[in-house]
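Quick note: numbers below take in every heavy atom, side chains included, and nothing from hydrogens, waters or symmetry partners.
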Amino acid sequence: MTRIAFIGAGSVVFTKNLLGDILALPALRDVEVRLHDIDPRRLETAAAMARWVARERDARPTITSHDERPDAIEGADFVINMVQIGGHEATLRDFEIPARYGLRQTIGDTLGIGGIFRALRTAPHMLALGHEMADLSPRAWLLNYTNPMAMLCELVYQGTPTQQVVGLCHSVQFTVDELSKIVGVPSDEVTFLSAGINHQAFLLRFEHDGESLYPRLDEQIDADPELQRRVRVALYRRFGYYQTESSEHAAEYVPWLMRHDHELERYRIPIGEYIRRSKDKLDEFERVREALARGDAMPLRRSNEYAATIVNSMVTGEPSVIYGNVPNTGLIAGLPEGTCVEVPCLVERNGLRPTQVLDYPPHLAALNRTYANVVELTVRAVLEGRPDFVRLAALLDPSASATLTMDEVESLCDELTEAHGELIPAALRRTTEGVTA
């Protein structure tokens, strides 16, 4: 029996989508599903959701709930990680404290001050999970959905014995679907190649019947003033390739936008967007919990997430290609060795095999390196216990460095460290003066 552990299963809508995908596949209809969450109320709701999905799919999985993470992962074949350490309150701190310094953020979960501190408070969980998997489920694959993707995947494969790690995102799939609609071609007829770093990868090929669709995209952009007000379109026109993450994400990975009021208006950049999304998720949880209690019908459609595809390919041997976040072992020559990169991966019974991307454009690699600098220093800060590297990561962040002085960046890091308290690794709970926060 295939055993799948869901860590952070209290994200019940995401659990519903992933489990619905898994149980829709004939070879996976009797898997063992192990649910874990630190919140008993959310865990109870996740179990109710899992039972509802099983009934809707007419499947016969074994479903168990676990208060302790090691119990959930022991003997597992796949561990799906989708936690949010600190929850909504930590998200508010990551936005409200930088805002007092004049630093604007949109999503704050991948790069920038928000991404750095989200990584720091998630790091103890990721390192513990990696060590526990090495002891309790050494053959399992870790499928990570938690952001910041590149930082957290690097923490596991650099800081623990667990090496069967792949980070999963839906940005490539969504971008191809969206652009296909814009150019008027069915997405299942499009051939594409994407590569880079998660949330800052690019469509290197975007074709139909062997011809590039980029000229057709150019025509649509030229004819539509509203398309011209997208951050990704502005970057595309300068860098020549379309980025695979949304404009609200892309805006805070570069130094040219967030500090300028006129650019915020020009490109409709939604400051504080993730606060609204986080609050919506709290409300959504309550609505779903009540709907389950009433026995209401809910939508259950196949998603475009990769988890079910990976599990199915490794269980049945049926090959598939997904886009995964994996260590850079010569996969993209212009990026540092060991950096977590997003590339196409072949999945089959023997595991997951990343594909080398040849001739990656040097100007894209140059832009990625400004992102990778922040990732590397944040990861090293955790693994080496270096609070000074936290500050240096923030100083090198494109958006923070374009907005704040060096003293302001350091003061902001000190204040956030104190505000997050014990969520931050103990070795990093020191200010620039060396006093424990």
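Classification of Arg391 and Asp414 as a salt-bridged pair holds, one side-chain N sitting under 4.0 Å from a carboxylate O. Checked for salt-bridge contact, Asp261 and Arg104 meet the test: a charged N lies under 4.0 Å from a carboxylate O. A salt bridge links Lys279 to Asp283: at least one charged side-chain nitrogen sits closer than 4.0 Å to a carboxylate oxygen. Ionic pairing of Arg353 and Glu348 is present here: one or more N-O contacts between side-chain nitrogen and carboxylate oxygen are shorter than 4.0 angstrom. Using a 4.0 Å cut-off between charged nitrogen and carboxylate oxygen, Asp94 and Arg121 count as a salt-bridge pair. The pair Arg277-Glu284 does not count as a salt bridge, with every side-chain nitrogen at least 4.0 angstrom from each carboxylate oxygen. One finds no salt bridge joining Asp39 and Arg41 here, because no Lys/Arg side-chain nitrogen approaches an Asp/Glu carboxylate oxygen to under 4.0 Å. Ion pairing of Arg302 with Asp21 is present here, as a side-chain N (NZ or NE/NH1/NH2) and a carboxylate O approach within less than 4.0 Å. A salt bridge links Glu226 and Arg268; the closest N-O separation between the charged side-chain nitrogens and carboxylate oxygens is under 4.0 Å.
For Gln173 (side chain) and Asn304 (main-chain N/O), a donor-acceptor pair under 3.5 Å exists by modelled atom type. With hydrogens and angles disregarded, no donor-acceptor distance shorter than 3.5 Å links the side chain of Thr403 to the backbone of Arg259. Side chain of Arg238 to main chain of Ala234: a donor-acceptor pair is present (N/O by atom type, distance under 3.5 Å, no hydrogens or angles). With hydrogens and angles ignored, the 3.5 Å screen pairs no side-chain donor or acceptor of Glu273 with any backbone N or O of Ile107. Side-chain atoms of Asp397 never come within 3.5 Å of backbone atoms of Leu111 as a donor-acceptor pair (strictly under, hydrogens ignored). Side-chain N or O atoms of Glu207 include none that pairs as donor or acceptor with a backbone N or O of Leu213 at under 3.5 Å. With hydrogens and angles ignored, the 3.5 Å screen pairs no side-chain donor or acceptor of His36 with any backbone N or O of Ala9.
If you check the side chains of Thr309 and Ser320, you find no donor sitting under 3.5 Å from an acceptor. Counted by atom type alone, Gln84 and Thr91 present one or more donor-acceptor pairs between their side chains at under 3.5 Å. Between the side chains of Gln200 and Asn368, at least one donor N or O lies within less than 3.5 Å of an accepting N or O. Side-chain polar atoms of His131 and Thr160 form no donor-acceptor pair below 3.5 angstrom. Looking only at atom types and distance, the side chain of Arg289 has a donor-acceptor partner in the side chain of Thr45 under 3.5 Å away. For the residue pair Asn328/Glu337, the side-chain donor-acceptor check at 3.5 Å is not satisfied. Judged by distance alone, the side chains of His420 and Arg429 never bring a donor and an acceptor atom under 3.5 Å apart. Side-chain contact, Tyr101 with Glu415: a donor N or O sits under 3.5 Å from an acceptor N or O.
Annotation: ring pair (Phe, Tyr, Trp, His ring centres under 6.0 Å) contacts of His260 (sequence neighbours excluded): His262.
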Q. Is there a side chain to side chain donor-acceptor pair (under 3.5 Å) between Glu252 and Thr106 once you walk through the steps?
A. CA-CA 7 Å; Glu252 59 184 3; Thr106 53; 3.3 Å; yes
Q | Audit row: Tyr242, Tyr214, ring pair (Phe, Tyr, Trp, His ring centres under 6.0 Å) steps and yes/no | A | CA-CA 9 Å; Tyr242 206 84; Tyr214 271 134; 7.6 Å; no
Q.
Evaluate Ile332 against Val343 for side-chain contact (heavy atoms from CB on, under 4.5 Å), listing each step before the verdict.
A. CA-CA 9 Å; Ile332 300 180; Val343 296; 4.0 Å; yes
Q: Go through the steps to decide whether Arg232 and Thr175 satisfy the test side chain to side chain donor-acceptor pair (under 3.5 Å), and finish with yes or no.
A: CA-CA 11 Å; Arg232 286 200 285 179; Thr175 298; 3.0 Å; yes
**Q.** Derivation and outcome, side-chain contact (heavy atoms from CB on, under 4.5 Å), residues Val172 and Glu342
**A.** CA-CA 10 Å; Val172 173; Glu342 188 172 77; 3.6 Å; yes
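Applying the ring pair (Phe, Tyr, Trp, His ring centres under 6.0 Å) definition to pairs two or more places apart or across chains, those involving residues 368-409 are Tyr253-Tyr371.
With a 6.0 Å cutoff to the six-membered ring centre and a 45° limit on the axis angle, Arg230 does not count as a cation-pi contact of Tyr267.
Proximity of Trp52 to Leu292: side-chain heavy atoms (C-beta onward) are separated by under 4.5 Å at one or more points. A heavy-atom distance below 4.5 Å is not found between the side chains of Val390 and Thr378. Side-chain contact check for Leu127 versus Val156: every heavy-atom pair is 4.5 Å or farther apart.
Other residues, nucleotides and ligands contribute over 12 non-hydrogen atoms within 6.0 Å of the CG atom of Leu383. Within a 6.0 Å sphere centred on CZ of Arg276, other residues, nucleotides and ligands contribute more than 12 heavy atoms. Glu286 CD: more than 12 foreign heavy atoms inside a 6.0 Å radius. For CD of Glu265, the number of neighbouring non-hydrogen atoms (other residues, nucleotides, ligands) closer than 6.0 Å is 12 at most.
Closest approach of Met82 and Phe14 over heavy atoms only: SD-CD2, 3.4 Å. Nearest heavy atoms, Arg369 versus Gly334: NH1-O, 2.8 Å.
Checked against a 6.0 Å centroid threshold, the rings of Tyr241 and Phe206 do not count as neighbours. Ring centroid separation for the pair Tyr145 and Tyr306 does not come in under the 6.0 Å cut-off.
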